[in-house]
Amino acid sequence: RLAWLQLLHGSDNRARADENRIRLMPRNPIRGRLLDRNGAVLATSRLTYNLYIQPRVVDDATWPALRDRLAAVISVPAAQLEQRRRSGANAEGFRIELAGPLSPEQVLRFGEQGGSLKGAEVDVDVLRRYPHGGLAAHVLGYTSGITEAEYKKLGPEGYRIRDRVGRSGVERAFERHLRGEWGGQQVEVNAAGQVQRILGDKPARAGKDLRLTLDLPLQQAAERALDGVRKGAIVALDPSTGAIRALASRPGFDPNVFSPAPSSAEWTALNGPQAPLLNRAFQGFPPASTFKIITSIAALESGQLRLDEKVPATGSFCYAGLCYRDHVNMGPIGLTPALAFSSNSFYYRLGLRMGPDPIFRAARLLGYGRLTGIELAGEETEGLLGDQAWKKAVLGEPWTPVDTITASIGQGAVLVTPLQMAVMYAAVANGGWLVKPHLVEQTPQRSWIGLRPSTLEAVRKGLRMAATTGTARALNDPALPPAAGKTGTAEDPPRPVHAWFGGYAPADKPSLVIVALGENSGGYGGTVAVPMVKALLTTWFRGPQATRSAA
């Protein structure tokens, strides 16, 4: 028997003895923090305690007795422990989480009797914490536990079955920057499982902090501004660099519910018809009259409109047996009042004069119809520029002059994301540079799009007049720097209209671009979206951070 144990199976038995004598106690890495541009904490980590069982120690025969003991010790229903054991079962034999996070009292009660609860253990876990709740949730994203399929793929990279990974937003895009590296202790234990000595120690390496371009007070103002609509989005960025100062989407969600996991009711709500997980700043909507900026640039750059030319703006416009109403009836006017008062008939005539090609060419030049390049790859959509080729390929129909009429005022098969629109306004504000929007501090990237200075000056005059005497005159507040911008009210039958406003300030030397959308909010851009933008301008230029923003 001794020969059989020592000679034939000595190595196997030695390995088993070591397994009983030596244990590896892993140490969770602390995930890096997410900070705003001034160092305010937007996401951090917190320590919790969870109850686990080792399936290789607890078999089906010993489980019922252990389950009942655990239920009594930590005051958790036995049925809940049973359900967690069944749902957590895995072929690899990894430990199963039965309950958590535990209260200090539960941890103490387990510690008093843990020696007799063989196969069960309480261990530390690190969960993500978002101190401002749902603030900037669509930007920050959330984390959740790694799946078995992901573990098989990521295990060689140092991930463990207990890891949590970024699922959306910055948490996902910068996962490897934030995650850190596991550590652990190799300890020797006695027959009772008590630690006798430490054989080896490797400290966990914390993840790196990440400083974002977001400005916390402005982000808070954006979240408050969206309280007035059920669905919508706001984007604010620096027109010179593309640094995003605020990005909010409504309805939102609290990423804390994913730490450790949402309840069934919370998960149902997160996947409900209101789609709170959807980042509406990255989704396409008909731009309506905000698109008249594109049509204006197209007409001036193509030579189809002179700077001193006037085009009739009438109360109605009829073409091919169809008549279109216009709220403006001013007679022949130039580009500046046409933009300021948003005359549809002016742009109908302008669109028919030059045709669709210059319009869609200008739209593409200003970034519409393609991704902006923001770091959150996979979450952004391209929008839609339904030009002649698209209509032929998708609908199988030829282009008509009526399509040009609707396209010239941003209706028809045209969809623009709030982020794309903010980039477009930035190009107008900064003198013709297309910026790459970004959420993490970096060297700015921008490209010159070659617009004539006279074109930009004419458009900027129209946008300035809109804020003084036109559709956005609510911004004409002496307590704020002079602003400029354009309203839009997009039809979405049979649902209520979308309300838009995009603009910048100060008008003479812009330092902030803001785009606001009220999705199916009803009302007009001037009554729904302009007040949102005004609230952000008040915070930016009059709030505590006004001096910092000027610097």
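Only heavy atoms go into these numbers, but all of them, side chains included; no hydrogens, no water, no symmetry mates. Keep in mind it's a predicted model, so treat the numbers as computed, not measured.
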Would you check if the side chain of [X] reaches a backbone N or O of [Y] as a donor-acceptor pair within less than 3.5 Å?
X	Y	answer
E375	V440	yes
N476	P478	no
S521	V229	no
T455	I297	no
Q420	R370	yes
T539	L218	no
R460	A429	yes
E223	A136	yes
T336	K461	no
E301	A298	no

For [Y], is there an ion pair with [X] - N to carboxylate O distance below 4.0 angstrom?
X	Y	result
D227	R250	yes
R31	E171	yes
E441	R37	no
E379	R167	no
R160	D163	no
R452	E457	no

Roughly how far, to the nearest 0.5 Å, is the [atom2] atom of [Y] from the [atom1] atom of [X]?
X	Y	atom1	atom2	answer
F282	L376	CZ	CG	4.5 Å
L237	S511	CG	OG	11.0 Å
D238	H438	CG	NE2	8.0 Å
Y347	L339	OH	CG	3.5 Å
L34	Y130	CG	OH	7.0 Å
R172	L140	CZ	CG	15.5 Å

Looking only at heavy atoms, what is the nearest atom pair of [X] and [Y], with distance?
X	Y	answer
I294	A363	CG2-N, 3.6 Å
Q219	L135	CG-CG, 3.8 Å
W448	G431	CZ3-O, 3.0 Å
N430	P239	ND2-O, 2.7 Å
W182	G158	CD1-O, 3.8 Å
P251	K231	CD-CG, 3.7 Å

Side chain proximity check, [X] to [Y], heavy atoms < 4.5 angstrom:
X	Y	answer
P444	R446	no
N50	P101	yes
V414	L384	no
R176	E157	yes
V435	Q445	no

Legend entry - E519 and its side-chain hydrogen bond (donor to acceptor under 3.5 Å, both in side chains) partner, picked from R280, R230, R495: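 Of the listed options, the one satisfying the test is R280.
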
Legend entry - More than 12 heavy atoms of other groups within 6.0 Å of Y524 OH: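 Atom OH in Y524 is not crowded, with 12 or fewer foreign heavy atoms closer than 6.0 Å.
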
Inset, instruction - Mark yes when over 12 heavy atoms from residues, nucleotides or ligands other than Q442 sit less than 6.0 Å from its CD; otherwise mark no. - result: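 Correct, the count exceeds 12.
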
Legend entry - Close aromatic pair by centroid cut-off 6.0 Å: F341 and H327: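 No: the rings miss the under 6.0 Å criterion.
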
Inset, instruction - Please work out which of the three classes, parallel, tilted or perpendicular, describes the rings of F258 and Y142, given edges at 30° and 60°. - result: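 Ring orientation, 0 to 90° scale: parallel.
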
Legend entry - Listed partners of N271 passing side-chain hydrogen bond (donor to acceptor under 3.5 Å, both in side chains), at least two apart: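 Per chain and number, N271 pairs via side-chain hydrogen bond (donor to acceptor under 3.5 Å, both in side chains) with no residue.
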
Legend entry - R364: partners by side-chain hydrogen bond (donor to acceptor under 3.5 Å, both in side chains), with sequence neighbours left out: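 Partners of R364 by the side-chain hydrogen bond (donor to acceptor under 3.5 Å, both in side chains) criterion, ordered by chain and then number, come out as D387.
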
Legend entry - Side-chain donor-acceptor pair present, D492, N520, cut-off under 3.5 Å: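 The criterion, which ignores hydrogens and geometry beyond distance, is satisfied for N520 and D492.
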
Inset, instruction - Please check if any side-chain donor atom of S342 sits under 3.5 Å from a side-chain acceptor atom of K292, or the reverse. - result: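 Per modelled atom types, S342 and K292 side chains form a pair under 3.5 Å.
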
Inset, instruction - Kindly state each residue pair satisfying ring-ring contact (aromatic ring centres under 6.0 Å, His included) with at least one member in residues 159-179, sequence neighbours excluded. - result: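 Output for this query is empty, none listed.
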
Legend entry - Criterion side chain to side chain donor-acceptor pair (under 3.5 Å) on E380 and Q283, from CA distance to verdict: CA-CA 7 Å; E380 184 186 11; Q283 305 304 308; over 6 Å; no

